[in-house]
Colleague: 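What follows is a single structure, and I will ask about it in a moment.
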Amino acid sequence: MATNPLRREFYDRDPVEVAMGLLGNILVHQSVEGTVTGRIVETEAYLAKGDSACHAARGRNRKNASMFGPPGRAYVYPIHARYCFNVVTEPEDVASAVLVRAVEPLDGISLMKQRRVPDRLREIANGPAKLCEAFDIDRVLDGWDLTRGVRFWIERDGDFNVGQFEVGRSERIGVTSAHDLPLRFFFKGNEFVSGPKRMRT
DNA sequence: CTACCGATTGACT
DNA sequence: GTCAATCGGTAGA
């Protein structure tokens, strides 16, 4: 069956636009264990310029190389003994990205529960590292081309009405610099968004 | 080689 | 709200 991944042009834009545009779209990972999908409900933008919290702020290295690659690739990096998943935005050599912080589990929930302990539905993917555990995203997928629609991609859900949620905006969670930049976006009131209630409304 | 740290999480007051 | 466990990557001796 043909897949319908978001195209390169979607990602080849300002990370703030991509971060807002990703909300409501569906993340898909087909692994040997089975297929899991989830609706993106929370994102954060990391800018190529003027953003000290961006991993590329102090230049290129082996770890952040994917961020300097073409748009529409994955940037997966390890932190605190876990992984986080970003999509690369803007043209090659412009190092910006969007962190996918939370998804609402849709298909393959039993498989996600197998991978996640505890397995309460709301807690399965309401955080960047939780999402990676539930979706089995690790460094093997760093640099993966999300626009091919093979194994790992993001697609639009034509039946989903984006307007049913108001989009909230806040400072980013967890960053130790550039606190003031309001670059986090989320569906207000959606229970699968990460953080305490005040960060979800 | 060792030292340090983080875009986290989960447990706890 | 606070705090410690976690470990791969990087920087520095």
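When reading the values below, keep in mind they use all heavy atoms of this one structure, side chains included, and skip hydrogens, waters and symmetry mates. By convention in this document, chain letters (A, B, ...) are assigned in the order of the sequence lines, proteins followed by strands, and residues within each chain are numbered from 1.
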Colleague: Name the nucleic acid region contacted by A/A129, choosing base, sugar-phosphate or nothing; use a 4.0 angstrom heavy-atom cut-off, strictly under.
Modeller: sugar-phosphate
Colleague: For the backbone of A/G127 and the side chain of A/S194, can you confirm whether one donor and one acceptor N or O come within less than 3.5 Å of each other?
Modeller: no
Colleague: Which distance, rounded to the nearest 0.5 Å, do you find between the CD of A/E90 and the CD of A/E17?
Modeller: 9.0 Å
Colleague: Do A/F152 and A/H29 have ring centres separated by under 6.0 Å?
Modeller: yes
Colleague: Using Watson-Crick and G-U wobble pairs whose two distances are both under 3.5 Å, how do you write the pairing of DNA chain C as dot-bracket, with | for links to another strand?
Modeller: |||||.||||||.
Colleague: Can you check whether A/Y46 and A/Y75 have ring centres sitting under 6.0 Å from each other?
Modeller: no
Colleague: Between the main-chain N or O of A/R116 and the side-chain N or O of A/D119, is there a donor-acceptor pair closer than 3.5 Å?
Modeller: no
Colleague: So, do A/D93 and A/R60 sit near enough that their side-chain heavy atoms are less than 4.5 Å apart?
Modeller: yes
Colleague: Residues in side chain to side chain contact (heavy atoms under 4.5 Å, CB included) with A/A19, at least two apart?
Modeller: A/T43, A/A45, A/V98, A/F185
Colleague: Hey, is A/Y77 stacking on B/dA7? Ring centres under 5.5 Å, planes under 30°.
Modeller: no
Colleague: Under 4.5 Å between any side-chain heavy atoms of A/R120 and A/R122, yes or no?
Modeller: no
Colleague: Indicate for each nucleotide in nucleotides 1-13 of chain C, in 5' to 3' sequence, whether protein heavy atoms under 4.0 Å reach the base (B), only the sugar-phosphate (S), or nothing (-).
Modeller: S----BBSSS---
Colleague: Does A/R116 reach a base, just sugar-phosphate, or nothing at all? Heavy atoms under 4.0 Å.
Modeller: sugar-phosphate
